[in-house]
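Numbered from 1 within each chain, the chains take letters A, B, ... in sequence-line order.
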2 protein chains.
Amino acid sequence: MDHTSSWDDRALLLLGVLMNQSQHGYQINDFIERALCEVATMKKPTAYALLDRLAAARHISVHSEQEGNRPPRKVYSITDSGREVFTRLLRENLATFDAPTFAGDIGLMFLTYLPLPEAIAALKERLARIEALLDTTVRVPPHPNLSIDLAFDHLTALRRADRDWLRDTIRELEKRQMTTGANAQA
Amino acid sequence: MDHTSSWDDRALLLLGVLMNQSQHGYQINDFIERALCEVATMKKPTAYALLDRLAAARHISVHSEQEGNRPPRKVYSITDSGREVFTRLLRENLATFDAPTFAGDIGLMFLTYLPLPEAIAALKERLARIEALLDTTVRVPPHPNLSIDLAFDHLTALRRADRDWLRDTIRELEKRQMTTGANAQA
DNA sequence: ACGTGATTAGTCAAGTCTGACTATAATGGG
DNA sequence: CCCATTATAGTCAGACTTGACTAATCACGT
């Protein structure tokens with residue numbers, strides 16, 4: 001529901017992974033989907049397509065490698081030009097804040113179309129989900145080269161803020177419910 | 001960079017706008033791009049395409065209207081079936097929390113690849129942008145039927161959390177910079 | 001000895017979203 | 001009276017993403 005020139009972010013992600021070490025496609029995809037899944041998402045077809053484009057632009061180099069009888073695999077390495085692009089994209093990304101929008105806010109806008117008790121019940125369910133997420137998500141272990149934990153920290157801070165806001169809001173709505181209830185009775 | 005079945009959210013948005021009142025395409029698009037732009041984004045082609053689909057599914061009805069010599073305009077109204085769908089989608093949206101990812105976190109993961117002073121400088125720029133956003137964004141005035149202000153409140157709370165986290169983090173990084181600097185001098 | 005699952009490398013169709021474009025009519029400023 | 005802007009209604013190509021699929025090899029448990 002929100003998109004900058006998403007190419008930059010994707011490219012930054014791939015180049016960053018390759019800054020860490022040269023890898024072949026499977027490894028790259030695996031790393032992103034396992035180690036980074038909390039912080040970033042990129043699916044296989046997207047990764048392969050983008051790797052092709054980065055290779056065409058000479059920002060990464062490819063060389064085939066065979067191990068035993070296995071299907072050959074392509075090892076991608078970042079090039080000097082790639083390192084330059086990476087640094088530029090990184091600096092840009094760090095210096096930028098592009099205000100995101102949240103799917104959950106759409107519901108909030110139309111809250112008034114639901115009877116207040118039902119709205120409160122639904123929001124309580126949302127709250128429970130955030131709390132569950134905060135409780136169960138395991139702290140990511142520090143990576144030797146990457147500051148994944150920093151990004152994870154950021155994510156956690158935002159989720160806590162989400163939780164706190166929601167708690168306050170529910171309390172507020174319940175207060176309103178009581179007063180209108182009292183008015184209705186009077 | 002993040003997507004649930006985005007259809008649901010889009011449909012909820014359009015149906016919600018039509019719950020407020022029957023409108024023609026231009027009005028719908030205008031309302032979304034002006035009044036709701038802080039909270040939700042949907043571009044014209046998406047809106048028109050989705051309106052067609054909602055009409056095909058009989059969740060909204062269309063009737064043409066001519067005013068003077070102007071090009072005829074199509075007025076869309078929500079139907080009973082549309083109201084049902086709307087209520088279901090609304091309840092779902094309110095009860096759901098689908099953990100978003102943020103483009104800005106990608107940079108955070110790779111922070112270590114930039115010399116610490118440069119990273120700090122870049123993050124300070126990011127901070128300045130968030131602060132500017134928080135300072136300049138005008139409080140949305142309450143809408144008679146919609147709780148846009150509630151959604152806006154949520155957004156603001158998250159941005160403040162973002163700002164606070166960033167301030168702390170920059171302070172932390174500066175502390176680290178000083179100690180490593182002292183070590184280097186010693 | 002056999003099947004299951006992981007490793008490796010992709011591809012394809014289908015759907016989504018956006019930017020840029022075309023047209024006409026009314027309206028308001030100078 | 002003319003021009004720029006707004007109102008109005010769309011369309012289209014192109015880019016981006018995803019889910020689902022194919023293939024082959026190897027490691028491992030039973």
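As rounded to whole Å, 13 Å separates atom C1' of dT8(C) from atom CD1 of I28(A). The CG atom of N29(A) sits 12 Å away from the C1' atom of dT7(C) (whole-angstrom rounding). The distance from atom NZ of K43(A) to atom C1' of dG10(C) is 17 Å, rounded to the nearest whole Å. Per the geometry, CG belonging to L13(A) stands 15 Å off C1' belonging to dT17(D), to the nearest Å. Nucleotide dC17(C) holds its C1' atom 14 Å from the CG atom of L14(B), rounded to whole Å. Look at CZ on R10(A): it is 11 Å from C1' on dT18(D), rounded to the nearest Å. Here the C1' atom of nucleotide dT16(C) and the CG atom of D9(B) are 13 Å apart, to the nearest Å. The CG atom of D8(A) sits 16 Å away from the P atom of dA15(D) (whole-angstrom rounding).
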Check nucleotides 6-8 of chain D for protein N or O atoms closer than 3.5 Å to its own N or O atoms and list the pairs.
residue : atom : partner : partner atom : Å
dA7(D)  : OP2  : Y26(B)  : OH           : 3.3
dT8(D)  : OP1  : R70(B)  : NH1          : 3.4
dT8(D)  : OP1  : R73(B)  : NH1          : 3.1

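Of the side-chain N and O atoms in T46(A), one or more sit less than 4.0 angstrom from OP1 or OP2 of dT18(D).
Using a 4.5 Å heavy-atom threshold, the side chains of M19(B) and F110(A) count as separate.
Of the possible donor and acceptor atoms, none in the side chain of S61(A) sits under 3.5 Å from a partner among the backbone N and O of T79(A). The closest donor-acceptor contact from the side chain of R126(A) to the backbone of L94(B) lies under 3.5 Å.
Between E125(A) and R129(A) there is a salt bridge, since a side-chain N of the basic residue sits under 4.0 Å from a carboxylate O of the acidic one. Between E92(B) and R88(B) a salt bridge is recorded (basic side-chain N to carboxylate O distance below 4.0 Å).
Applying the side chain to side chain contact (heavy atoms under 4.5 Å, CB included) test between L146(A) and each of L150(A), D149(A), I148(A) identifies I148(A) as the sole match.
Of the residues near DNA chain D, V75(B) and R53(A), the one whose nearest nucleotide (by heavy atom distance) lies more toward the 5' end is V75(B).
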